[in-house]
Amino acid sequence: MAVRYLYPCYFDLSLTRKEGRRVNKDAAVENPNSAQISRAAKLAGLNVVEENKTAHHPAQWYKAGGRISIEYEGSKEQLLKTVAGKLGGK
């Protein structure tokens, strides 16, 4: 299985796509944190390998938002949609 990394900025409603959001606005939430993403991934039945709360997205090096490691075989795009569906966007 491949390990995929998810950062809170991927699901942040306040960010634009250029700033790092990777899901549609209707699937995004305000101020997500790594614990919420980890919980959503577990609700989706995914195997969360590690939750690193001190990690940060390389483009947002100044902001320690955390990082979730998930074992997943499909595409990252599908993983993002699956987790976003359980995260509770609009």
Side-chain angles (χ1 to χ4, degrees):
M1 285 236 158
V3 175
R4 306 284 185 169
Y5 300 105
L6 299 182
Y7 296 92
C9 64
Y10 292 169
F11 306 93
D12 194 340
L13 183 61
S14 67
L15 299 177
T16 64
R17 291 262 187 185
K18 188 175 182 180
E19 294 170 326
R21 180 176 44 84
R22 301 226 6 217
V23 299
N24 292 332
K25 281 189 173 184
D26 55 343
V29 295
E30 291 185 28
N31 300 315
N33 59 44
S34 58
Q36 289 173 312
I37 296 167
S38 180
R39 191 171 29 250
K42 289 175 185 174
L43 282 172
L46 301 171
N47 185 20
V48 176
V49 179
E50 179 185 359
E51 185 175 331
N52 186 341
K53 294 182 181 186
T54 60
H56 53 80
H57 189 274
Q60 296 184 346
W61 53 269
Y62 52 89
K63 204 175 182 183
R67 175 179 76 189
I68 307 299
S69 304
I70 297 175
E71 287 183 351
Y72 190 75
E73 271 306 310
S75 71
K76 188 159 188 177
E77 203 60 38
Q78 187 57 44
L79 173 61
L80 290 167
K81 288 178 183 179
T82 301
V83 173
K86 298 291 183 184
L87 199 54
K90 290 181 184 176

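At least one side-chain heavy atom of Glu77 sits less than 4.5 Å from a side-chain heavy atom of Arg22. Side-chain contact between Asn24 and Arg17 is present, with at least one heavy-atom pair separated by less than 4.5 Å. Residues Thr82 and Tyr72 have side chains in contact (heavy-atom distance under 4.5 Å, counting atoms from C-beta outward). Using a 4.5 Å heavy-atom cutoff, the side chains of Val23 and Lys81 are not in contact.
Note: Glu71 CD to Asn47 CG = 4.5 Å, rounded to the nearest 0.5 Å. Atoms CG and OG, from Leu80 and Ser75 in turn, are 8.5 Å apart once rounded to the nearest 0.5 Å. To the nearest 0.5 Å, atom CZ of residue Arg67 and atom OG of residue Ser38 are 13.5 Å apart. To the nearest 0.5 angstrom, Thr16 atom OG1 is 8.5 Å from Lys25 atom NZ.
Closest approach of Gly74 to Arg4, counting heavy atoms only: O-NH2, 2.9 Å. For the residue pair Tyr5 and Tyr10, the shortest heavy atom distance occurs at O-CE1, 3.7 Å. Of all the heavy atoms in Arg21 and Leu15, the pair that sits closest is NE-O, 2.8 Å. In terms of heavy-atom proximity, Lys76 sits nearest to Leu6 at CE-CD2, 4.2 Å.
No single ILVMFWY cluster, assembled from side-chain heavy atoms under 4.5 Å apart, contains both Val48 and Leu43. Val83 and Val49 are not part of a single hydrophobic cluster, where members link through side-chain heavy atoms under 4.5 Å apart.
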Can I get a per-line list of side-chain donor-acceptor pairs under 3.5 Å for residues 28-35, giving both atom names and the distance, sequence neighbours left out?
from	atom 1	to	atom 2	distance (Å)
Asn33	OD1	Ala35	N	3.1
Asn33	OD1	Gln36	N	2.8
Ser34	OG	Glu51	OE2	3.4

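The ring-ring contact (aromatic ring centres under 6.0 Å, His included) test applied to Phe11 returns no partner, not counting sequence neighbours.
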